[in-house]
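Quick note on labels: first sequence line is chain A, next is B, and so on, each numbered from 1.
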Amino acid sequence: MGLPGALPVLNSKVIEFAVKVGLALNCKLSFNSKFDRKQYFYPDLPKGYQISQFDIPIATNGYVDLDLPVEFGGGHRRFGITRVHIEEDAGKFLHFGTGSYSQVDLNRAGVPLLEIVSEPDIRSGLEAAEYASEIQRVVRFLGVSNGNMQEGSLRCDVNVSVRPIGQLEFGTKVEIKNLNAFSGVHRAIDYEISRQVKLHTQGQRDQIVQETRLWEEGAQKTVTMRKKEGLADYRYFPEPDLPEVVLTTAYIDNIKASLPELPELKRRRYEKMGLSMQDVLFLANDIQICKYFDAVIEKGADVKMATNWIMGDIAAYLKDVKLSIDEIKLTPEELAELIASIKGGIISGKIGKEILFELMSKGGTVKSLIEEKDLVQIVDPNEIERMVGKALAENPKQLELYRGGKTKLQGFFAGQIMKASKGCIDDCLGFLYSTPVEGSGDYKEILPFRFSSAVNPIPEDAFLVGSHLVDVGKADDMEGVTTTATARKIMVVADPGRESAGALQWALSHCVVEHDELILLHVQNAASWRNSFTFFRRPSQNSSSTSVSIESAHGGGVVSATGGGVDLEFLEVMKRACEAMQPKVRVRIERVDMEGKDKASAILNQCKALSVDVLVIGQRRSISNAILGCRLSGGSTKGMDNAEYLIENCKCTCVGVQKKGQNGGYVLNTRKHRNFWLLA
Amino acid sequence: MLSSLQNPRFLIFQSQFQFNFSSKTLNFSSKRRLFHFSNALHSSQAVSEQPQTLSPTLKTSPPTSQILKTRKSLLSREIKAVEIAEEYLNRLRQTEPQVKSFLHVSENVIKQAEEIDRKIERNEELGSLAGVIVGVKDNICTVDMPSTGGSRILEGYRPAFDATAVKKMRECGAVLIGKTNMDEFGMGSTTEASSFQVTTNPWDVTRVPGGSSGGSAAAVSARQCMVSLGSDTGGSVRQPASFCGVVGIKPTYGRVSRFGLMAYASSLDVIGCFGSSVVDTAILLDAISGHDSRDATSSKREVPNLASQLVSTESLESKPLKGLKVGLISETLGDGIDVGVVSTIQAATAHLEELGCTVTEVSLPSFSLGLPAYYILASSESSSNLSRYDGVRYGNQVAAEELSSLYGASRANGLGPEVKMRILMGTYALSAGYYDAYYKRAQQVRTLVKKNFKEALDENDILISPAAPSAAYKLGEKKDDPLAMYAGDIMTVNVNLAGLPALVLPCGFVDSGATALPIGLQIIGAAFDEGKLLRVGHIFEQTLQGCRFVPPAVVEGFPS
């Protein structure tokens with residue numbers, strides 16, 4: 001409130017936190033730092049000055065290392081830290097609709113905060129957002145702040161300038177405020193870069209003035225907030241109410257010894273454990289997840305399995321119930337036990353999944369649950385066959401239909417069998433001696449079939465569930481089976497080749513249902529487009545990438561081949577095929593440029609941008625797939641084809657499709673399921 | 001008038017109990033003698049030029065502790081705290097029309113006194129200030145009384161908290177009688193810069209009481225309260241103490257918490273004490289000293305019991321200050337200092353020598369640099385400290401269409417000319433491009449001043465100087481000549497720059513036509529050496545002959 005006679009007192013915790021952050025950001029600490037007053041009048045500043053550190057900040061000259069996300073091309077970066085200083089927060093303005101007055105909330109005024117200033121090393125919105133999120137991770141790992149941007153516990157102002165290649169000095173900087181999320185940071189910077197580049201290219205460089213701009217989330221652009229007439233004179237002078245801060249070596253050493261393992265070290269350690277960068281970034285992103293994962297690993301659990309469980313089912317559950325990993329009832333010890341039980345063949349992965357949910361929501365031990373529910377898996381082929389026979393015998397009508405060509409009733413039978421076995425058949429067996437050949441009671445043909453999600457659908461396998469159950473549902477005689485009516489976006493990577501055509505064919509016959517939207521994505525390589533933009537040191541992602549979206553109406557839109565001189569007629573052909581086979585499904589064509597990246601990254605970007613639910617890509621029969629029947633380990637993207645890479649790294653479900661001859665059906669690959677044969 | 005000042009019951013009581021300090025206070029019981037003395041002051045203008053040579057027949061008694069007297073009489077149940085409070089309230093009402101030292105008189109005086117009486121009834125332990133009537137400078141926050149800092153912009157402002165010093169006084173049982181007038185936010189040396197009223201000097205109501213704590217000094221001088229709190233940024237306790245003939249102490253920076261003191265210049269401000277005797281000042285300082293977690297600049301150093309160090313004058317040897325090395329600051333007796341002041345200080349020096357001190361002249365080469373350095377630093381800090389008075393959250397707000405005119409109009413309307421001038425000076429001194437030339441150089445001078453003081457105090461136990469270059473001057477005399485007024489702070493500002501403690505006590509008079517005016521002796525000590533200052537001051541005061549520092553009008557009643 002800045003009441004008369006009130007005095008500031010330094011909170012000793014803030015010094016400790018500042019030292020922690022300074023050490024974590026590899027800074028040089030000032031043994032004698034002091035406070036200064038920065039003076040200006042504004043209603044959010046009750047005293048008329050802000051206590052800050054002007055010429056001797058507590059920490060200077062550091063850096064932070066981070067890894068860019070794989071879907072953005074990956075890469076390791078180091079950004080310089082100019083300084084870390086302590087200052088007090090100002091109040092918060094509350095603007096109301098009428099506009100005739102504003103209110104100010106002074107509850108946070110005077111609360112200490114740390115300001116971290118980075119060197120001008122950041123070259124894009126993405127890098128800035130990643131830098132900010134690394135700072136967030138660091139402060140969370142250190143326990144210095146919850147780093148929550150929505151609550152204002154972590155705030156970020158950015159300064160953007162552009163300069164022509166070859167120019168040494170920086171251009172005029174523009175400050176952007178009102179950034180409430182990392183995505184906003186990312187987009188605001190990219191917008192601002194493109195705005196400034198545009199002014200440059202139009203010869204209006206002088207229109208870039210030193211000012212503060214506001215990021216408008218709704219309009220996705222920056223607008224002028226206030227222009228600065230020269231440099232404001234803050235009349236800094238040493239704060240007489242606070243004594244200077246003197247740090248001793250012992251104090252610093254003590255804090256240094258208490259620092260936790262920081263994100264960068266964790267990432268390097270996880271990388272050495274053989275995890276893919278995608279996994280590493282996921283695990284090291286969250287301190288709670290890290291702790292949990294480390295605890296599971298410490299109990300001797302298989303690293304890759306632990307990763308998959310945490311990143312897959314557990315993460316999905318957490319998202320669903322809006323809890324953090326330390327709030328669920330499943331202890332790391334029990335997860336390790338669960339993994340060990342599956343690995344040791346005591347229970348099936350399917351059962352593992354089922355009891356996982358129980359463990360997460362209700363707690364208990366793996367052992368007691370297995371015993372209690374009698375869930376030890378059935379591995380005896382005779383026993384399985386007996387159950388299959390029983391299922392067939394009990395459902396003659398469906399069997400009839402199946403024999404009449406309704407092959408998709410596989411799913412129904414699968415469900416019956418899983419029900420009978422209480423889920424105790426290992427889906428890792430991968431196939432089942434199950435399909436009766438017409439006219440005989442014997443099981444002569446081997447049909448690979450997966451049961452995993454027929455009973456208990458989970459998002460990763462949603463497409464399988466969707467297609468099978470819907471088809472079964474169409475048989476009109478199934479009880480207790482419902483269709484999933486939610487419209488999904490299914491994207492098929494479209495190329496003028498056999499693989500792509502096969503993929504589309506599968507998607508149309510097995511994947512797409514009414515209400516769904518089908519997107520044909522074509523990635524083109526139009527390198528010539530970029531040349532005009534490389535003139536600048538910091539090409540903006542938005543300005544240099546072009547995404548053309550053509551909504552197709554029924555009856556066929558005309559696609560004009562604008563970029564790169566590629567013959568795009570096949571897209572039209574594909575689209576017409578879609579309309580022929582699934583007349584009710586909306587189809588549109590998306591074309592996107594590779595922007596110098598690899599094709600896979602461009603596809604990933606597009607998946608994210610369009611919120612695609614299922615990605616379908618044609619897959620060539622690779623030697624490794626054929627021989628080993630398993631994916632390459634090690635997380636290296638080299639030696640993996642695009643489809644493999646996408647299956648591994650796509651956030652949504654990605655299905656690789658190989659068409660097997662004219663009537664040979666399909667071999668499908670997803671992250672969870674390898675070489676899944678689907679007969680025509 | 002006199003009877004109310006010298007309550008007969010006190011006197012009976014005094015004869016019954018032996019005071020530590022006041023074997024001589026028995027003499028004090030003679031009404032006639034006192035009366036004669038004050039008459040003598042009036043009539044013997046010829047001698048008043050050399051007041052210390054007053055005829056030995058006009059024997060006077062040294063000042064006695066009002067606090068100890070109150071305590072003894074309360075404990076012996078000779079008198080009730082309520083009666084004492086009423087007595088002071090009556091005198092306040094009678095004298096206030098002439099003196100105008102209070103901006104607010106508490107409605108709770110009697111209530112506070114009753115609380116003390118209840119405690120006495122219940123035989124509860126009494127704090128060191130139980131029943132003591134205290135005035136508080138208006139820039140020190142009090143939760144039950146408005147605190148304006150003498151400024152229109154805070155007119156009617158009631159703080160949400162007590163200053164730590166006030167809180168401590170209350171805990172010691174003090175009865176707060178009211179808020180005393182001051183120059184707006186402490187900026188001034190005459191109390192004429194108050195937004196509300198002009199306080200006069202009880203010795204001569206046509207003269208200034210000094211400032212900025214003029215109200216607190218005048219209130220003690222006029223016996224409207226026993227002791228009072230002031231604040232001292234550049235001499236604001238010591239100069240008015242000198243002008244009003246009372247004892248004032250500016251403690252070491254950090255000795256007393258500044259929490260609740262409206263900041264003028266944070267690195268210089270200290271809360272100080274006024275009393276009519278050194279003992280009273282010591283007891284009050286003792287009560288308010290100590291570390292405060294709410295003031296990061298308050299010292300954690302232990303506070304010795306200041307009052308108990310004051311030896312009884314009974315047991316004094318002939319040379320009680322034998323061996324004490326006293327440095328007389330030579331720069332303080334040169335040009336621009338009134339002759340009367342110089343001779344009074346010389347007489348005080350002679351008295352110290354009589355008490356056994358070795359007095360030598362010491363030079364502080366940086367002395368003259370202190371004044372400009374002080375005005376730059378104090379103005380700079382004040383330009384920042386006064387930013388909070390913007391009319392937004394509290395205080396007088398002038399309605400305006402938009403923000404900058406709200407600030408502008410509220411401050412233009414609420415702040416007085418002296419304050420505006422200092423804010424402008426300070427803003428200028430801190431501006432980009434001028435910082436090095438002004439603020440930074442002034443800080444360098446400050447370092448030099450500290451160094452000079454340290455050297456002088458390494459050589460000497462204490463340093464002495466006048467508290468002001470003149471006695472109290474006429475109201476309005478320097479109102480339009482700020483530089484002349486600023487020059488009046490030459491004796492005191494260096495002590496603030498060095499952060500040292502200093503005691504001012506009346507040591508004699510100069511003649512000024514109608515009345516004799518008191519002159520204060522400043523005793524400067526090393527940091528946190530308040531105990532020594534008080535001890536020396538106490539012995540000096542108790543052994544000083546022929547002076548009685550009660551304004552004649554207080555004894556006789558002000559002419560209405």
Side-chain angles (χ1 to χ4, degrees), chain A residues 1-12 14-15 34-52 54-55 88 90-91 93 95 99-107 109-110 112 226 230-246, chain B residues 139-141 147-149 151 154 157 159-164 185 254 257-263 265-269 292-298 377 380-381 383-390 392-395 403-404 406-408 411 426-435 439-440 443:
Chain A
M1 274 289 280
L3 292 173
L7 290 174
V9 176
L10 185 61
N11 180 341
S12 65
V14 74
I15 300 293
K34 66 175 176 75
F35 293 95
D36 303 276
R37 288 185 184 178
K38 176 183 179 178
Q39 312 192 59
Y40 59 94
F41 280 100
Y42 213 52
D44 67 358
L45 195 63
K47 297 195 294 297
Y49 58 83
Q50 180 188 33
I51 301 174
S52 183
F54 177 53
D55 50 350
E88 59 174 331
F93 263 110
H95 301 283
S100 63
Y101 68 97
S102 293
Q103 292 184 320
V104 63
D105 176 355
L106 295 178
N107 278 306
R226 61 168 180 257
L231 208 63
D233 183 359
Y234 291 121
R235 305 196 310 281
Y236 281 101
F237 80 102
E239 165 60 273
D241 285 331
L242 292 176
E244 62 177 21
V245 177
V246 180
Chain B
N139 61 351
I140 300 171
C141 289
S147 305
T148 69
S151 180
L154 287 180
Y157 171 73
F161 53 84
D162 271 334
T164 300
F185 291 121
S257 168
R258 291 186 294 118
F259 181 76
L261 169 67
M262 295 174 191
S266 313
S267 72
L268 303 164
D269 293 342
D292 179 11
S293 60
R294 291 170 191 271
D295 175 5
T297 61
S298 73
L377 294 176
S380 298
E381 290 188 27
S383 74
S384 171
N385 280 328
L386 269 56
S387 301
R388 66 183 62 191
Y389 306 117
D390 55 11
V392 172
R393 298 165 310 285
Y394 49 79
L403 186 62
S404 60
L406 183 142
Y407 282 139
R411 284 167 73 80
T427 305
Y428 182 81
L430 288 177
S431 296
Y434 297 97
Y435 181 87
Y439 185 85
K440 206 169 163 192
Q443 285 289 26

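In this structure, the side chains of Q39(A) and T427(B) stay at 4.5 Å or more apart for every pair of heavy atoms. Looking at P43(A) and Y407(B), their side chains come closer than 4.5 Å, going by heavy atoms from C-beta outward. Residues P4(A) and Y389(B) meet the side-chain proximity criterion, which asks for heavy atoms closer than 4.5 Å.
S293(B) and V9(A) make their closest contact through O-CG2, 3.3 Å (heavy atoms, listed as atom of the first residue, atom of the second, distance). Nearest heavy-atom pair, L242(A) versus A296(B), reported as atom, atom and distance to 0.1 Å: CD2-CB, 4.0 Å. D241(A) and S266(B) get closest at one heavy-atom pair: OD1-CB, 3.1 Å.
For N385(B), the parts sitting under 4.5 Å from any heavy atom of chain A are the backbone and the side chain alike. Using a 4.5 Å cut-off between heavy atoms, I140(B) does not touch chain A at all. The contact between Y42(A) and chain B is made by backbone and side chain atoms together, counting heavy-atom distances below 4.5 Å. With a 4.5 Å cut-off on non-hydrogen atoms, L261(B) touches chain A through its backbone but not through its side chain. Contacts of A163(B) with chain A are absent, with no heavy-atom separation under 4.5 Å from either backbone or side chain.
Separating the CZ atom in R37(A) from the OG atom in S387(B) is a distance of 8.5 Å, to the nearest 0.5 Å. Taking OG from S384(B) and NZ from K47(A), the interatomic distance works out to 9.5 Å, rounded to the nearest 0.5 Å. Summarising the geometry, atom CG belonging to D390(B) is positioned 9.5 Å from atom CG belonging to L45(A); distances are rounded to the nearest 0.5 Å. In this structure, OG in S431(B) is found 14.5 Å from OH in Y234(A), a value given to the nearest 0.5 Å. Interatomic distance, L3(A) CG to Y157(B) OH, rounded to the nearest 0.5 Å: 4.0 Å.
Heavy atoms of other residues, nucleotides or ligands lying less than 6.0 angstrom from OH of Y435(B) number more than 12. The environment of R393(B) atom CZ is dense: over 12 non-hydrogen atoms of other residues, nucleotides or ligands sit within 6.0 angstrom. For Y434(B), the OH atom is loosely surrounded, since the number of other residues' heavy atoms within 6.0 Å does not exceed 12.
With chain A as the partner, the residue from V392(B), L406(B), D295(B), L386(B) showing the most heavy-atom pairs under 4.5 Å is D295(B). Across P46(A), P243(A), G48(A), the residue that shares the most heavy-atom pairs under 4.5 angstrom with chain B is P46(A).
Ring geometry for F237(A) against Y439(B) counts as perpendicular: the plane angle is over 60°, on a 0 to 90° scale with 30° as the lower cut.
Looking at Y394(B), its side chain does come within 3.5 Å of a backbone N or O of G2(A) through a donor-acceptor pair.
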